[in-house]
Structures are given as structure tokens and as C-alpha cells.
Amino acid sequence: MHAKVRIPSSGHSSPSPPQSPLSRSPRLRRKQGRFTPGQPGPKTAAQRIAWLILSLLLRRQGIFLFAPLLYISGMLFYMGTVSFDVVPIINHRRAPGSVYRSPQLYAKLKPEMDSDNSSADAISSIWKHSYKVGEWRPCINMSSGGLPESNGYIYIEANGGLNQQRGSICNAVAVAGYLNATLVIPHFHFHSIWRDASKFGEIFDEDYFIKTLENDVRVVDKVPGYIMERFDYNMTNVYNFRIKAWSSIQFYRDTVLPKLLEEKIIRISPFANRLSFDAPPAVQRLRCLANYQALRFSNPILTMGETLVARMKEHSVNNGGKYISVHLRFEEDMVAFSCCVYDGGESEKRDMDAARERGWKGKFTKPGRVISPGAIRVNGKCPLTPLEVGLMLRGMGFDKNTAIFLASGKIYDSERYMAPLLEMFPLLQTKEMLASEEELAPFQNYSSRMAAIDYTVCLHSEVFVTTQGGNFPHFLLGHRRFLYGGHSRTVKPDKRKLAVIFDNPNIGWRSFKRQMLSMRAHSDSKGIELKRPNDSPYSFPCPDCMCRQNRTEDSKLSSVT
């Protein structure tokens, strides 16, 4: 018996060996005539190596394996023949924004900028945008009836600078009115940076504030003694609410009011930004009433501010008394906090490191923290220098005869950084230039009072230019809308675009000017904007604090008068 196999028999007693792949190669077939089956193969080592190489080359895979070896061998041979003294040096261009190039750009554009007489009178023709909806007018309804019995006293501690304190005051009025509580005149914190010990009545007109709100919110200057007696006349013994930022008014009703009814007095510290902007109309009305009507600067500040407004109009008599105000944030602490790098070299680095350590000990030197000045500049976060502000304004069509009021603290390295701005705008003024030392003496050592003077002069300018953001322009933008028919009359540049433009050494004056005029027109078209749910009523008073007055209403009013 023979075992069955699954492979069919070919008729031979033993299977033939498979044909060698080499024997199937067409190239090999052509060469097979050189050898006979009985002839011995190559014997020497050289012949064997040659045969092996030839075999690899004849295989397709061998070609791909051998090509890199040939390339590497060739490169090693070439490098051996080149002297390292003549290897070319490759210069990489630095990342956009990593170098402060504005001085070089100014030097390039200055000749053509000074010879450009094509600009019209920009300050008298700047606001040319057509508004089909008509203008807006203030319309804050004020209560005329009496107030019900108070649910207790609310004492708040406002922190920050002048305008952060202003926001805290307005929010406190809204909360107190909504909870039917009596508001104690807010206490101001003494901040390590602002270092201003001013009290409420030294910055704002306290009597006017209380009188304006008398039908809407009770305001007192101190808590009655019979209540403070329970707390040993020490406000720190009063229950303090630690409220999250941007809390809703419903939180105050559901959580704060029960404690107020129980204790008859509560303390909220800190209070900045502790109320959401998305609030019902009754709350927004109280905010509008506090910000735009009840808060007025104290008489010394108001008088000084109005005096400087009059002097600025005298300096701009050639422009019909119209002047530009610029809020410049190039103080040492601002430059240090931004972590941007300018052209001051090692001296600037030492100054900035020291300022950061004084104001924010350890904040910028935490392990693992990476600071990228170039990325900060490209993202539009670097404070504009005086030179950059001057270039921008000249590009927007304001010539060297334009009167400018500069609102600012002490400019970092002012002698060096202010020189080009004064060269471009010789009629530039600051409060220190407009007023004598004796006139400014009562305000000189109080940063919030000095900021209040700047605020007043900026409020009444034809054009307000904001360069960095923050609470100062935040409140001014809305206040100017409230005064000027809903239009802010504010130039708010796109700092990301500016960073790219200032970093371009090849840009010409015409192209630069075209882009600046486009930026100016964009600010004009954004002058009137309506408040969205999470916007601030302090920047967008329409429609919570103002009513639309269309053209038909205008004609009716004019015919009646």
C-alpha cells in the first residue's frame, strides 16, 4: 500500500528541484553561454566580491540598497576636499515682532511724510460716516416716589485704580437698589502700585452723589452707632462675603439678601467686577444713573480739568478749538508687566526686571514660565511707544499743526522715547505742560486725582485715541457716547495689524498711509455700537442708558422749537 498524496504525480520517481531565480533572469540567460555546467566558478576573493556585487545589482532590491551607500560615500569624499574656512554662514531672519523696528521705519518714512501736503484738515473731517438710524439721546428714568424701609446696610471695599473704583461704585449702587439696602459710601483700598490714599469725597462730589440717588438708593457716609456697637465698632468683625467675579444679580437675591436680613449689615471685599453685565433692565438703569449722572468729580478736580480744557482749545485755535487726546500707556510698570522688549538693551532689561520684582514679586520668575516678547507683540499686547503713536496719527492724516493732549503717567525713559513724538507734533501738551507746579500741587502725589484730570480733558476732545485698553478708555468710550449722540468719537487701532506694519522695513509712505486711513475709517464705523448681553454698559450705553432719536423725531423737535 502506498500512502496517498494530495499533490498529483508528474510521472517521475523524484521531483525536480525548482529553477533558480537567476536562471530566469533575461540578463543571465544572455550570459549563460560563457559557462558550462561542469566548468568551475570564480575562485579568488576579488572575483567572489565582484560576483556578489554583480548579483546585488542584478536584483531590483539591490539597486535601492546600494544607491544610498554610493551617495554617502560621494558626500564623504566631497567633504574631505572642502576647507571649513569657506563654509557659508546662513543668517536666519528673526521671528516677526521679536525686534522693535519702529525707529528704522520712522527714519525711512520721515522725508516723504514731512513733504506730504495732500492731507485734508483731518481733525475737522474725521467723522464722516453716515448713520441712517439717527442719533441717540440720554434717557435714564429717575424715580420720584419714596423708598420702602431698608433691609440693612451694605459696605463695599473698592480696589484698583480710579476707573476700577468707578465700576465698583456703580455696581454697588445697582446691588443696593435691587436688594432695597442702604449703601455706605465705598471705602477705597490703598494699592501697592497706585499708592493713592484718597477717600471717596476727595475724588468724587459726595454730596451730589447722595442727592442724585436719593429717590432710588439710600446712601449714607457711615453706619449708625447702634449697629456698629454689636461689632465693637470694628468693620472687620462684620460678616464679609467673598463673592465670585461676574456673579449674577440672582445670586445676590438668593444668597446675600438672607444674610443681610439676618445681620442688618454685610461687608463685600473686594468688590471689583463682582456683578455680571448681563442683568435685567432695573439693574442696568441703576448702573446708568450712577455712572452717567450721580458720579461727578470733586470741585477741585472738576475746576482744574475744565481749566485745562479751555487752555487746550486756545492751543488749537487754528483748528476751531478742536484737539486730539491720546491715552498713552508707556509707564515703567506697564512696560514691565507686558514683558515686551524695545531698544533699551541691557539697561532696559535691568529696569524691567527690577520693576517686575517690585510690583509682582515672583510672578514672572516662576519655574517653567516662558516669556516670548515677539509673540506678545504680534498678538497686539505690547504698549505702543510714543514714536509708534506719532507715526500712526500722521498716517491717519493729522499734520504737525494738530494740537494733542497726552494723558499719561510718567513715561518710561521719557527723554529718549518722547523726542520723536514731539518732533512729529510740536503742539503736544500734557497736564504738567498746561498747568503750573502750584496748580497741580494738590493732586501731584495722588495718582487717582491726576487720572481724573486727564479723564476730564480727554472727555471733551474732538478725537480720543486709545492705545492699550484698560479701565480708563473702557469708561471714556462709553461716556463720550453718552455725551455725543451715541458716537464715541474714538480711534481704536488694530494693534495686531500695527505690529505687522511696523515690522515691515520695505513698506512705503503711500501704502502705510492707506492702511492707517483704513484703520481710522474702521474706528468711525464702529463709533455707534449697541450693547450685547455680556458687554459693559459703561462702554456701550445704547440702549440701556440712551434712546434712539430718528430723523422724523429730529424734524418734529425742530418744528416745535
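FYI, side chains are in, hydrogens and waters are out, and symmetry mates aren't considered; it's all heavy atoms of this structure. Since this is a predicted model, take the numbers as computed values, not measurements.
- The residue from L393, L384, L328 that alone fulfils the side chain to side chain contact (heavy atoms under 4.5 Å, CB included) condition with V465 is L393.
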- Message: Walk me through whether R356 and E332 qualify under salt bridge (Lys or Arg N to Asp or Glu O under 4.0 Å).
- Response: CA-CA 10 Å; R356 281 190 280 269; E332 184 179 70; over 6 Å; no
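- Side-chain contact check for R449 and S198: at least one donor-acceptor pair (N or O, by modelled atom type) lies under 3.5 Å.
- Under the 30°/60° scheme for interplanar angles, the aromatic rings of Y455 and H479 are found to be tilted.
- With hydrogens and angles left out, the side-chain atoms of R253 and Q250 include no donor and acceptor closer than 3.5 Å.
- A cation-pi arrangement, defined by a distance under 6.0 Å to the six-membered ring centre and an angle within 45 degrees of its axis, is present between R489 and Y484.
- Classification of the F472-F464 ring pair by plane angle, with boundaries at 30° and 60°, yields tilted.
- Across the pair C139 and C547, the gap between the SG atoms, which is the quantity tested here, stays under 2.5 Å.
- The residue from V457, T307, L427, I324 that alone fulfils the side chain to side chain contact (heavy atoms under 4.5 Å, CB included) condition with M312 is V457.
- Put simply, the residue from H327, K495, K381 that forms a side-chain hydrogen bond (donor to acceptor under 3.5 Å, both in side chains) with Q468 is K495.
- Taking the six-membered ring for Trp and thresholds of 30 and 60 degrees, Y292 and F482 have nearly parallel ring planes, at less than 30 degrees apart.
- No option in H187, E157, R274, R242 other than E157 meets the side-chain hydrogen bond (donor to acceptor under 3.5 Å, both in side chains) test with S269.
- Between D196 and F188, the closest side-chain pair of non-hydrogen atoms is not below 4.5 Å.
- Annotation: cation-pi pair R296/Y208 present, NZ/CZ under 6.0 Å from the ring centroid and within 45° of its normal.
- Between W246 and F277, the ring-plane angle classifies as tilted under the 30° and 60° cut-offs.
- With I249 as reference, L275 is the one residue of L275, D278, L179 to meet the side chain to side chain contact (heavy atoms under 4.5 Å, CB included) rule.
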